[in-house]
Amino acid sequence: MNEKNESEIIKSREENLKFILEKGIMPYKYSFQRTGTINEILEKNKDIKEGAESEDVEMLAGRLISLRLHGKTIFGHIKDSGNKIQIYVRKDDIGEEQYEIFKKLDIGDIIGVEGKIFKTRTGEITVKVSKFELLTKSLLPLPEKWHGLKDKEIRYRKRYLDLIVNDNVKKNFELRTKIIKEIRNFLDMQGFLEVETPMMQLIPGGAKAKPFLTHHNALDLDLYLRIAPELYLKRLLVGGFEKVYEINRNFRNEGISIKHNPEFTMLELYVAYADYKVVMQIAEDLVVNIADKVLGTRIIEYQGEKIDLTPPWKKLKMTDAIKEYSGIDTEKESEQELINRLKQREVEIRQGITKGELIALTFEEFVEEKLIQPVFITDFPVEVSPLAKESRKNPGFAERFEPYIFGREIGNGFSELNDPKEQEKRFKEQIEQDTGGEVARVIDKDFIEALKVGMPPAGGLGIGVDRLIMFFTDAPSIRDVILFPLLRPQGSE
RNA sequence: GGGUGAUUAGCUCAGAUGGUAGAGCAACUGACUCUUAAUCAGUGGGCCCGGGGUUCGAGUCCCCGAUCACCCA
């Protein structure tokens with residue numbers, strides 16, 4: 001950390017750099033023309049016989065990750081974004097002067113090599129180096145080669161080191177990109193239009209969460225980073241788009257945990273003329289499609305638990321789920337009885353709480369964590385579903401669902417409320433109930449106005465993309481699927 | 001916000017009962033022209049997270065703080 005230690009450890013690298021500069025070698029080259037990636041070259045030469053040499057001279061580049069010096073020969077490995085390959089350097093092949101320069105390379109340097117491909121006695125496909133070039137000098141040591149980098153703090157803070165050293169980390173992030181691409185592909189094929197709506201909003205709506213505040217100078221205007229895109233996507237339904245979706249960042253100014261990062265990626269989609277049943281089907285199809293296309297299996301293992309994504313997923317009304325998993329009959333029990341149960345679990349109960357809110361809290365407290373296999377929880381109390389239509393069959397409950405996997409809510413969907421007067425009333429009730437600053441104090445009048453123009457009946461769905469990716473990559477923490485998770489800054493540096 | 005644990009060499013980790021610190025890898029020097037956790041011989045490297053205390057003496061005990069991890073709200 002301090003200068004003295006650092007100079008101890010990098011002294012030899014600085015000396016090597018000096019040696020190289022004295023030889024007139026530029027330590028930071030502009031480019032290097034490769035004949036292929038390491039994977040391509042390995043594939044091309046996979047059938048080469050032991051002792052034989054390839055006809056073609058190949059040019060490869062990568063980071064030097066290991067070195068074995070044997071007097072007049074050197075073995076090592078270089079690694080590019082796809083794979084690693086062994087290199088073999090002989091003094092006889094590259095000449096005395098070049099050999100001396102090669103010996104001054106350090107693990108971590110990025111080099112280009114030129115040479116024919118052969119197979120060693122031990123059967124490893126190897127580059128017989130006839131020429132090499134230093135492309136980038138590395139001045140700091142890499143983490144140790146077989147234990148790798150374990151310290152979570154350094155892994156998250158210095159993700160570049162994590163990516164260099166831990167191959168599975170890189171694979172998980174590649175998988176993340178594949179999953180998101182597959183989501184887009186799936187929706188595009190069904191005629192959805194991907195759109196982008198404001199990240200900076202005057203009134204942060206569409207969810208219950210504390211927002212981040214920012215300021216626009218020229219307009220002298222306070223703005224909020226969005227907590228959800230919902231109200232803007234619905235405006236697009238009013239405008240005549242019938243199937244829209246957005247995959248983008250939401251920001252919530254709340255605690256950080258294994259399941260929460262202040263900025264996270266959300267998918268929201270809306271389908272005109274559809275109700276919640278239609279989007280529930282889309283949610284199931286979407287997840288199963290990822291399993292099929294990206295993993296090639298519908299049975300995934302998450303944190304040692306086998307999860308079977310094979311459709312159709314179970315559907316359970318919230319009150320039935322409570323009955324089934326906890327034995328509590330919320331229809332029969334009075335509000336006070338539910339309050340007593342919750343207080344025993346040290347759940348905070350606000351003054352004037354409604355029955356619906358109590359049902360939702362009971363569900364969270366007694367049921368959620370038990371929902372390991374995929375299940376749709378439906379029929380949420382209207383009081384906790386201010387943007388959803390009331391059920392046609394089940395008064396007091398909304399046409400709403402949330403898919404649960406491994407005790408975690410991975411999405412949220414409903415038949416979208418499009419009655420402007422009812423919507424305004426629900427917003428007002430929300431503001432009255434809010435105690436924690438999780439609801440904007442102002443009603444989004446423009447949104448109400450849009451509803452007055454007329455929004456077609458519609459089903460909507462939101463899916464927490466990071467959490468979904470956690471399942472598919474068997475990641476225990478959301479930080480393992482976000483390249484640069486938010487951490488508290490450290491004092492020095 | 002509360003609780004528990006961690007923090008020792010560049011990395012991964014040891015350091016009972018308090019006596020100024022150890023290993024492997026990495027680094028450095030030397031030997032070695034098919035090695036691959038190369039091998040062999042040698043060398044250097046530490047404000048033991050920070051600040052206070054207790055003690056003749058603290059990496060170790062106590063208090064405060066920092067960061068991270070996990071659990072809870």
Side-chain angles (χ1 to χ4, degrees), chain A residues 1-16 19 50-53 64-79 84-96 99 102-109 115 117-129 138-158 161-162 164-166 210 253-260 303 342-350 361 364-365 368-369 407 435-436 476-480 485-493:
Chain A
M1 282 294 155
N2 69 41
E3 273 175 45
K4 199 183 164 198
N5 285 343
E6 212 160 59
S7 69
E8 278 295 334
I9 191 71
I10 65 174
K11 199 170 64 187
S12 84
R13 283 173 186 247
E14 292 285 356
E15 278 169 10
N16 290 343
F19 174 88
E50 192 190 311
E53 255 179 30
L64 203 50
I65 53 163
S66 67
L67 274 177
R68 296 176 290 282
L69 276 71
H70 298 265
K72 297 185 181 63
T73 65
I74 299 170
F75 282 93
H77 278 93
I78 59 170
K79 181 176 163 185
K84 61 180 181 175
I85 191 168
Q86 181 166 252
I87 59 171
Y88 176 47
V89 182
R90 286 162 52 104
K91 194 174 183 177
D92 292 351
D93 291 340
I94 65 167
E96 173 122 29
Y99 195 77
F102 196 97
K103 284 207 284 191
K104 296 284 185 184
L105 294 180
D106 291 301
I107 287 172
D109 287 355
I117 310 300
F118 76 108
K119 195 179 241 178
T120 63
R121 267 180 218 158
T122 50
E124 182 162 354
I125 292 168
T126 301
V127 188
K128 193 173 184 191
V129 177
S138 169
L139 295 174
L140 290 174
L142 253 31
E144 194 249 346
K145 65 182 170 190
W146 23 294
H147 294 100
L149 185 64
K150 288 188 177 169
D151 188 309
K152 281 190 182 166
E153 188 173 351
I154 302 176
R155 285 188 43 220
Y156 297 145
R157 283 189 199 280
K158 299 182 191 288
L161 290 179
D162 194 25
I164 290 170
V165 176
N166 297 325
K210 286 183 194 157
N253 203 343
E254 291 170 351
I256 295 175
S257 83
I258 207 165
K259 287 182 281 184
H260 300 88
Q303 302 297 294
L342 289 163
K343 280 198 168 160
Q344 251 176 12
R345 296 266 198 135
E346 291 177 355
V347 177
E348 269 180 59
I349 309 289
R350 71 167 187 91
L361 284 175
E364 281 171 33
E365 189 60 29
E368 248 185 35
E369 60 175 17
T435 50
S477 167
I478 196 167
R479 293 189 186 95
D480 296 317
L486 185 71
L487 296 181
R488 196 166 279 154
Q490 268 180 326
S492 60
E493 296 188 9

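To find a chain, count down the sequence lines: A is the first, B the second, and so on, and within it residues start at 1. Remember, it's a predicted structure, so these values are computed and weren't measured experimentally.
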Contacts of A:K119 that satisfy salt bridge (charged side-chain N to carboxylate O under 4.0 Å, His left out) - sequence neighbours left out
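If we apply the salt bridge (charged side-chain N to carboxylate O under 4.0 Å, His left out) test to A:K119, skipping adjacent residues, there are no hits.
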Calculate the interatomic distance between [X] atom [atom1] and [N] atom [atom2]; express it in whole Å.
X	N	atom1	atom2	value
A:R13	B:A27	CZ	P	7 Å
A:K11	B:U29	NZ	P	11 Å
A:K158	B:U67	NZ	P	16 Å
A:D106	B:G10	CG	C1'	13 Å
A:K84	B:U35	NZ	C1'	14 Å
A:I256	B:G1	CD1	P	12 Å
A:R488	B:G65	CZ	P	13 Å

Anti or syn, where syn is a glycosidic angle within 90° of 0; which label fits B:U20?
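Glycosidic conformation of B:U20: syn.
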Note to self: So if I apply the side chain to side chain donor-acceptor pair (under 3.5 Å) rule between A:Y156 and each of A:D480, A:D162, A:D151, which one comes out positive?
What the structure shows: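 Checked A:D480, A:D162, A:D151 against A:Y156; only one passes side chain to side chain donor-acceptor pair (under 3.5 Å): A:D480.
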Sequence-distant partners of A:E144, side chain to side chain donor-acceptor pair (under 3.5 Å), two or more places apart: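 Partners of A:E144 under the side chain to side chain donor-acceptor pair (under 3.5 Å) test: A:H147.
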| P gap between B:G65 and B:G1, integer Å |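 Between the two P atoms, the distance is 13 Å.
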Do A:H260 and A:S257 have a side chain donor and acceptor closer than 3.5 Å?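 The answer is yes; a qualifying pair exists.
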Taking only N/O atoms, report every protein-nucleotides 69-73 of chain B pair under 3.5 Å with atom names and distance.
unit_1 : atom_1 : unit_2 : atom_2 : d
B:A69  : OP1    : A:R479 : NE     : 3.3
B:A69  : OP1    : A:R479 : NH1    : 3.0

Is there a side-chain contact between [X] and the phosphate of [N], meaning an N or O under 4.0 Å from OP1 or OP2?
X	N	value
A:R68	B:A38	yes
A:S12	B:A27	no
A:R157	B:C68	yes

More than 12 non-hydrogen atoms from neighbouring residues, nucleotides or ligands closer than 6.0 Å to NZ on A:K79, yes or no?
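Yes, because the 6.0 Å sphere around NZ of A:K79 holds more than 12 heavy atoms from other groups.
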Fill in: Crowding at CD, A:E369 (>12 non-hydrogen neighbours, <6.0 Å)
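Count not over threshold, so no.
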Judged by atom type as modelled, is there a donor-acceptor pair below 3.5 Å linking the side chain of A:N16 to the main-chain atoms of A:L105?
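Checked: no pair found.
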Check this for me: does any side-chain nitrogen of one of A:R121 and A:E50 sit under 4.0 Å from a carboxylate oxygen of the other?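 Looking at A:E50 together with A:R121, the answer is no, because their closest N to O distance does not fall below 4.0 Å.
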Between A:Y88 and A:F118, what is the ring plane arrangement, given parallel below 30°, perpendicular above 60°, and tilted in between?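 Aromatic pair A:Y88/A:F118 classed tilted.
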Want to settle it: does A:Q86 or A:K104 sit nearer the 5' end of RNA chain B, counting the closest nucleotide to each?
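Residue closer to the 5' terminus by nearest nucleotide: A:K104.
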For RNA chain B, write out the stems as range with range, using runs of 3 or more consecutive Watson-Crick or G-U pairs with both distances under 3.5 Å.
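If one scans RNA chain B for consecutive Watson-Crick or G-U pairs, the stems found are B:1-7 with B:66-72, B:10-13 with B:22-25, B:27-31 with B:39-43, B:49-53 with B:61-65.
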Taking N or O atoms only and anything under 3.5 Å, show me the protein contacts with nucleotides 11-13 of chain B, one pair per line.
unit_1 : atom_1 : unit_2 : atom_2 : d
B:C11  : O2'    : A:E144 : N      : 3.3
B:C11  : O2'    : A:G148 : O      : 2.9
B:U12  : OP1    : A:K150 : N      : 3.0
B:U12  : OP1    : A:D151 : N      : 3.0

Extract from the structure each pairing of a protein N or O with an N or O of nucleotides 30-34 of chain B at less than 3.5 Å, listing the distance.
unit_1 : atom_1 : unit_2 : atom_2 : d
B:C32  : N3     : A:G71  : N      : 3.2
B:C32  : N4     : A:G71  : N      : 3.1
B:U33  : O2     : A:R90  : NH1    : 3.0
B:U33  : N3     : A:D92  : OD2    : 2.9
B:U33  : O4     : A:D92  : OD1    : 2.4
B:U33  : O4     : A:D92  : OD2    : 2.3
B:C34  : O2'    : A:R121 : NE     : 3.3
B:C34  : O2'    : A:R121 : NH1    : 2.5
B:C34  : O2     : A:R121 : N      : 2.9

